[in-house]
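Proteins get letters first, then strands, A, B, ... in listed order; numbering begins at 1 in each.
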There are 2 protein chains.
Amino acid sequence: MKTDSLDAPPPEGLMLPVPGVDYGALEGLLGYALRRAQNALYLDFYRATAAWDMSPQRFAALVLIARNPGMRQGLLGQAMGLHRSGALRLTDWLTAQGWAERRDAPGDARTWGLHLTSAGKRRLVKLEAAVAAHDRALLAALGEQGPALKAGLERLAWAATAQSTAPDNKPRRRQPP
Amino acid sequence: MKTDSLDAPPPEGLMLPVPGVDYGALEGLLGYALRRAQNALYLDFYRATAAWDMSPQRFAALVLIARNPGMRQGLLGQAMGLHRSGALRLTDWLTAQGWAERRDAPGDARTWGLHLTSAGKRRLVKLEAAVAAHDRALLAALGEQGPALKAGLERLAWAATAQSTAPDNKPRRRQPP
DNA sequence: TATTGTTATACTCTATAACTATA
DNA sequence: TATAGTTATAGAGTATAACAATA
């Protein structure tokens, strides 16, 4: 199951409109506008977190573990839309870098409880501040329409979910060649 | 240069809020809302284009080539934020699948002119209709705030670009280990 | 000397499938 | 029998670097 993805390397460059190129139907698409915005946001995220070896996904995992100490690896994957194996690799990286650690979970010997290390908690404070500043600057640039945009994105996520999970719209994965 | 990316496989699952999980600072971030929306939109794009072996990126390339017949491979990459080698692979796939073809470009013997094949043009009509329907349904679900959302996304892309390319904010790529 | 496209290679992210241990 | 996590493997997408041909 492969294709065009959500979590990939930071883009080589910006998807800025190139003068002289006709974008045709793309200009009118909400999906394309979303893609362009995310492309730009990703690049700015990497810039804002240059002092850490961070990615939007890793950052989200750190926040989730911080706020839900002892959470299972599988639950982390579920919250992030990842397969179990993806959650494993992500957790491996976080532990290897000293951000988090696996501890025995009470009750079920099959599972780990994920926790931030002391160093991880300490480092996360500054990292969260950097991400918050990056996000705040964007929101500020949008002026009074910022909050409406965020609300709109949340509605959009909901609408797309409803549409792709509707009973007569069978979900689909990419076909093998 | 690797990490978390824009074009990767369709996500395993939706990034829906999981009951009982505390999302902490993520809930307030514009960037996280954007990510969630794109996750859902990607999944719905794949559903809507199930009759083709399509991805948002491939679709964008097809539209660009259709509207700019004879465009160079490098220009395609530039418009899509891709490295030359990425544009090459993308073009290889489009030609292998019979969507497009490389023709000699007049004037410069180093470059190709990219064109849709006749079959590609024919197939693109239905594909564009399917994508447009998918996008229109989302826009409809947003009601009268749809156009504002699209405009907001365009402003957001602009703001993030301005922020990451500001003179005192040096752009950055992920560091090697 | 710079640019276009190519080749070869490597890395990251993701998924699938089979396996182990536990429930 | 089902679930959590693991291991091993494969595939897609992207990038880097060196190269040839052309400008």
Side-chain angles (χ1 to χ4, degrees), chain A residues 1-13 15 39 42-43 46 53-58 60-61 70-78 80-96 102-114 173-177, chain B residues 1-13 15 39 42-43 46 53-58 60-61 71-78 80-97 102-114 173-177:
Chain A
M1 216 286 308
K2 297 314 132 51
T3 308
D4 227 24
S5 168
L6 211 59
D7 282 282
E12 158 87 359
M15 288 173 61
N39 166 271
Y42 262 61
L43 285 172
Y46 284 104
D53 191 14
M54 205 36 56
S55 74
Q57 189 184 52
R58 289 171 183 171
M71 82 187 297
R72 290 184 303 102
Q73 212 171 276
L75 183 60
L76 178 65
Q78 191 187 336
M80 301 188 59
L82 287 176
H83 188 266
R84 282 185 301 173
S85 61
L88 170 87
R89 277 191 51 132
L90 182 56
T91 306
D92 279 353
W93 187 89
L94 294 174
T95 56
R102 293 176 168 102
R103 297 188 199 152
D104 285 328
D108 192 331
R110 292 173 302 181
T111 75
W112 303 112
L114 300 180
R173 309 218 138 257
R174 185 112 173 275
Q175 298 311 314
Chain B
M1 218 286 307
K2 297 313 130 47
T3 307
D4 226 27
S5 164
L6 211 58
D7 282 283
E12 158 86 359
M15 289 174 60
N39 167 270
Y42 262 63
L43 286 171
Y46 284 104
D53 190 14
M54 205 37 56
S55 74
Q57 189 184 53
R58 289 172 184 171
M71 82 188 296
R72 289 185 303 100
Q73 213 172 273
L75 183 59
L76 178 66
Q78 191 187 336
M80 302 188 57
L82 286 176
H83 188 265
R84 282 184 300 172
S85 61
L88 170 89
R89 278 189 51 132
L90 182 56
T91 305
D92 280 351
W93 187 90
L94 294 174
T95 56
Q97 302 300 314
R102 294 175 167 102
R103 297 189 199 151
D104 284 328
D108 192 331
R110 291 173 302 182
T111 75
W112 302 113
L114 300 181
R173 310 218 136 258
R174 186 113 172 273
Q175 298 310 315

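For the pair Asp104(B) CG and dA21(D) C1', the interatomic distance rounds to 13 Å; values are reported in whole Å. One interatomic measurement links the two molecules: NE2 of His83(B) to P of dA10(C), which rounds to 17 Å at whole-angstrom precision. Whole-Å rounding puts the Leu88(B) CG to dT3(C) C1' distance at 16 Å. Atom C1' of nucleotide dC13(C) and atom OH of Tyr42(A) are separated by 11 Å, given to the nearest angstrom. dA4(D) atom P lies 10 Å from atom CG of Leu75(A), rounded to whole Å. Between Arg72(A) atom CZ and dA2(D) atom C1' there is a gap of 13 Å when expressed in whole angstrom units. Rounding to whole angstrom units, CG of residue Leu43(B) and C1' of dT14(C) are separated by 13 Å. To the nearest angstrom, C1' of dT6(C) lies 9 Å from CG of Asp92(B).
Listed nucleotides: dT6(D), dG5(C), dA15(C). Nearest to the side chain of Gln73(B): dG5(C).
With sequence neighbours excluded, the residues forming a salt bridge (Lys or Arg N to Asp or Glu O under 4.0 Å) with Arg110(A) are Asp108(A), listed by chain and number. Remark: Arg84(B) engages no residue in a salt bridge (Lys or Arg N to Asp or Glu O under 4.0 Å) (not counting sequence neighbours). Remark: Thr95(B) engages Thr91(B), Arg102(B) in a side chain to side chain contact (heavy atoms under 4.5 Å, CB included) (not counting sequence neighbours). Every residue meeting the side chain to side chain contact (heavy atoms under 4.5 Å, CB included) condition with Leu75(A), not counting sequence neighbours, appears here in chain and number order: Met71(A), Arg72(A), Gln78(A), Val18(B), Val21(B). A search for salt bridge (Lys or Arg N to Asp or Glu O under 4.0 Å) contacts involving Arg89(A) returns nothing, not counting sequence neighbours.
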Please list each protein N or O that sits under 3.5 Å from an N or O in nucleotides 18-23 of chain C, with the distance.
residue : atom : partner   : partner atom : Å
dT22(C) : O2   : Arg110(A) : NH1          : 3.4
dA23(C) : OP1  : Ala109(A) : N            : 3.0

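Nucleic acid contact class of Gly74(A) (heavy atoms, under 4.0 Å, all strands): sugar-phosphate only. Among the heavy atoms of the strands lying under 4.0 Å from Arg89(B) is at least one base atom, whether or not backbone atoms are also near.
Neither OP1 nor OP2 of dT12(C) sits under 4.0 Å from any side-chain N or O of Trp93(A). The phosphate of dT12(C) has neither OP1 nor OP2 within less than 4.0 Å of any side-chain N or O from Gln57(A).
No side-chain heavy atom of Ser55(A) sits under 4.5 Å from any side-chain heavy atom of Tyr42(A).
Applying the 3.5 Å distance criterion, the base of dT16(D) shares a donor-acceptor pair with the side chain of Ser85(B).
Remark: Trp112(B) CH2 to Leu76(B) CG distance equals 15.5 Å, nearest 0.5 Å.
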